Amino acid sequence: MDYLPLFADLSGRPVLVVGGGDIAARKIELLRRARARVLIASRELCPELQALLDKQELEWLATEFDPAQMDGVFLVIAATDDNHLNTQVFEAANARHKLVNVVDDQPKCTFIFPSIVDRSPLVVAISSSGTAPVLARMLREKIETLLPASLGQMAEVAGLWRDKVKQRFSRMSDRRRFWERAFDGRFASEMSAGNVEEAKRTLDRELQEEPTRQGEIFLVGAGPGDSGLLTLRGLQVMQLADVVLYDHLVSEEVLDLVRRDADRICVGKRASAHTLPQEEINQMLVSLALKGKRVVRLKGGDPFIFGRGGEELQAAQQAGVPFQVVPGVTAAAGATAYAGIPLTHRDYAQSVMFITGHCRPDGDDIDWPSLARARQTLAIYMGTVKAAAISEALIQHGRAPSTPVAVISRGTRQDQQVLTGTLEQLEALAASAPTPALLVIGEVVNLHGQLAWFKHSAQQGARESAVVNLA
């Protein structure tokens, strides 16, 4: 180990910074976050540091470095582009047994700045001992995605309960087990949901009760397929799951991000091919949660847009099971963006309507006159089976047969395919399109040829062959 990791309390302590440019400003920003008293020796100050000086948030000692300036300071930082001056600072600091950092000159550092994940008071520091700072930064970015923003506040609340926990549990092992349950249970979930007062009540309640684990349901939108579109919160929840119930629409690359030792249960949900009836899925979610499981219900797209997520949470609410919702990128937004089709455009469409091609058998008839209005975009989910009826009804109610349409298959995935044509060709386009597919109707489809960016060449070939076959 080349460096001993230390967390130094700099609050109110003087730190000397030699240099007043942009590099010095970056280091001073970290020092100010640690509430250090910043002293500067520099010929001039960059605008950012001058602004801080004007607000009396730092002290400008001198325009030239003098080793005597190190007397009484806690740390020394050299942030200049003058190698001779940097060497002077390093040697003077060593002679006075001061910890010193010469920026971007690792041999002249007796301490280094790590890459920091700040969830104060929880702080994670990553260092390569100055050998590969870019690698340390990349690791920091990965860790950032895994640590919820609520961790800092969670640590603060836990600190307020330390004395209570010590009074309740005399043995350290019992206190440790209590906190392990709290940080992996309902307290942590309530903190992540922003329910701070309820989280505090949970801690008080769990201090008095025998240890039990209450289950919870997380309804998570997996997005349309590309794992890069999964939300940060969705990834965090999937890493905590005990069991995951997922649909066929959830891509393999998203499923690969689920915690390795979590149970996975496929509950189907393809159009006209449900592995389980919705009522059984609802009951399974509730039963697993009542056993103390952390249950993730993973749905393609967004769970509240034609995903029946509301029905599943109604069942959870009726059973008294706590739940959270993590929204996802819905297919209409993701697939059209990857196809280069804006859902709205001031020259073509001032509104967009999301529609499902499958309605309840006892439901009201579709308002076709509203859907057939010009200068709006229709995004139709699960519409390939009824494409002929959709085309016929829209034309009958006034939409022009020449209205541009697109059928986007397996949107955002590596095998995405986009077929374009006109409204009167919709049935033939849908019949030749792989599923799952989204139907897009409206003048914005004309922009696909200009704006398609995702695997554009492969899509162009597919589009041209589709048009030729329909001619």
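Owing to the predicted nature of the structure, the values given are computational and were not obtained by experimental measurement.
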Apply side-chain hydrogen bond (donor to acceptor under 3.5 Å, both in side chains) to the pair D54 and Q50, showing each step before the final yes or no. CA-CA 6 Å; D54 294 342; Q50 182 63 53; 2.9 Å; yes
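- No side-chain donor-acceptor contact under 3.5 Å links S189 and R186.
- In plain terms, the two heavy atoms of L49 and G21 that are nearest each other are CD1-O, 4.1 Å.
- Between the side chain of E64 and the backbone N or O of S42 there is no donor-acceptor pair closer than 3.5 Å.
- Annotation for V296 and A241: closest pair CG2-CB, 3.5 Å, computed over non-hydrogen atoms.
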Would you sort out whether R201 and E190 count as a salt bridge (Lys or Arg N to Asp or Glu O under 4.0 Å), showing the intermediate values? CA-CA 10 Å; R201 286 191 286 270; E190 288 165 345; over 6 Å; no
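- The distance from the CD1 atom of I126 to the CD atom of E141 is 10.0 Å, given to the nearest 0.5 Å.
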Is there a side-chain hydrogen bond (donor to acceptor under 3.5 Å, both in side chains) between D118 and S120 once you walk through the steps? CA-CA 5 Å; D118 189 359; S120 294; 2.4 Å; yes
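- Checked by atom type and distance alone, the side chain of H448 never pairs as donor or acceptor with a backbone atom of T420 at under 3.5 Å.
- Within the 4.5 Å cutoff, the side chain of F113 has heavy atoms near those of the L30 side chain.
- Under the 4.5 Å side-chain criterion, counting only non-hydrogen atoms from C-beta, D22 is in contact with C46.
- More than 12 non-hydrogen atoms from other residues, nucleotides or ligands lie less than 6.0 angstrom from CG of D82.
- The backbone N or O of F111 lies less than 3.5 Å from a partner atom in the side chain of N101, making a donor-acceptor pair.
- For the pair R175 and F169, the cation-pi test (distance below 6.0 Å, angle within 45°) is failed.
- In this structure, P404 and V445 approach most closely via the heavy-atom pair CB-CB, 3.8 Å.
- Using a 4.5 Å heavy-atom cutoff, the side chains of F218 and R233 are in contact.
- Atom CD in E443 sits 8.0 Å away from atom CZ in R375 (nearest 0.5 Å).
- The nearest pair of heavy atoms linking V237 to V220 is CG1-CG2, 4.0 Å.
- Across T80, L16, N86, a single residue satisfies side chain to side chain contact (heavy atoms under 4.5 Å, CB included) together with F65, and that is L16.
- Of the charged side-chain nitrogens involved, at least one lies within less than 4.0 Å of a carboxylate oxygen, so that E144 and R119 count as a salt-bridged pair.
- Looking only at atom types and distance, the side chain of Q208 has no donor-acceptor partner in the side chain of D204 under 3.5 Å away.
- The minimum heavy-atom distance between F90 and V100, with the atom names listed, is CD1-CG1, 3.6 Å.
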Worked check of side-chain contact (heavy atoms from CB on, under 4.5 Å) between V254 and M238: CA-CA 10 Å; V254 170; M238 288 161 58; 4.0 Å; yes
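- Under the salt bridge (Lys or Arg N to Asp or Glu O under 4.0 Å) criterion, the residue pairs touching residues 98-117 are D105-K108, with sequence neighbours excluded.
- Side chain of Y381 to main chain of A332: a donor-acceptor pair is present (N/O by atom type, distance under 3.5 Å, no hydrogens or angles).
- Using a distance-only test at 3.5 Å, with no hydrogens or angles considered, no donor-acceptor pair links the side chain of N195 to the main chain of E198.
- The main-chain N or O of E44 is never found under 3.5 Å from a side-chain atom of W60 such that the two would form a donor-acceptor pair.
- Here the side chain of S409 pairs no donor or acceptor atom with the backbone of Q416 at under 3.5 angstrom.
- Put simply, the side chain of V76 reaches to within 4.5 Å of the side chain of V89, judged on heavy atoms.
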Quick one: do T231 and L235 satisfy side-chain contact (heavy atoms from CB on, under 4.5 Å)? Show the steps, please. CA-CA 6 Å; T231 66; L235 175 61; over 6 Å; no
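- Within the model, atoms CG of L39 and CG of L31 stand 10.5 Å from one another, a figure rounded to the nearest 0.5 Å.
- Distance check: I40 CD1 to I77 CD1 gives 10.5 Å after rounding to the nearest 0.5 Å.
- Side-chain contact check for L290 versus V321: some heavy-atom pair is nearer than 4.5 Å.
- A 4.5 Å side-chain heavy-atom check between Q376 and Q350 finds every atom pair outside the cut-off.
- Salt bridge annotation for R413-E253: absent, with no cationic side-chain nitrogen under 4.0 angstrom from a carboxylate oxygen.
- Distance alone, capped at 3.5 Å, is enough to place a donor-acceptor pair between the D302 side chain and the G328 backbone.
- The number of heavy atoms from other shown groups lying within 6.0 Å of CZ (R205) is above 12.
- Going from atom OG1 of T356 over to atom CD1 of I305 covers 12.0 Å, rounded to the nearest 0.5 Å.
- To the nearest 0.5 Å, atoms CD (Q236) and CG (L257) are separated by 12.5 Å.
- Residues E57 and R32 meet the side-chain proximity criterion, which asks for heavy atoms closer than 4.5 Å.
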Please step through side-chain contact (heavy atoms from CB on, under 4.5 Å) for the pair M154 and F187, ending with a clear verdict. CA-CA 9 Å; M154 189 187 308; F187 165 68; 3.4 Å; yes
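- With D242 contributing its side chain and R294 its backbone, the two residues share a donor-acceptor pair below 3.5 Å.
- A heavy-atom distance below 4.5 Å is not found between the side chains of V326 and L219.
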Yes or no on salt bridge (Lys or Arg N to Asp or Glu O under 4.0 Å) for R168 and D174, after CA distance, side-chain angles and deciding distance? CA-CA 9 Å; R168 173 68 172 83; D174 291 336; over 6 Å; no
Just do the salt bridge (Lys or Arg N to Asp or Glu O under 4.0 Å) check on D261 and R259 with the steps written out, would you? CA-CA 6 Å; D261 54 351; R259 198 177 86 177; 2.6 Å; yes
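- Not a single donor-acceptor pair under 3.5 Å links the side chain of W179 to the backbone N or O of A158.
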Please evaluate residues V244 and D263 with respect to the criterion side-chain contact (heavy atoms from CB on, under 4.5 Å), reporting the C-alpha separation (whole Å), side-chain torsions for both, the decisive distance (0.1 Å), and the verdict. CA-CA 6 Å; V244 176; D263 294 330; over 6 Å; no
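- No side-chain donor from either of Y348 and T377 sits under 3.5 Å from a side-chain acceptor of the other.
- Other residues, nucleotides and ligands contribute only 12 or fewer heavy atoms inside 6.0 Å of the CZ atom of R43.
- Considering R264, R297, R308 as possible partners of D247, the one that fulfils the salt bridge (Lys or Arg N to Asp or Glu O under 4.0 Å) test is R297.
- Heavy atoms only, all atoms of each residue included: A222 and L230 are closest at CA-CD1, 3.9 Å.
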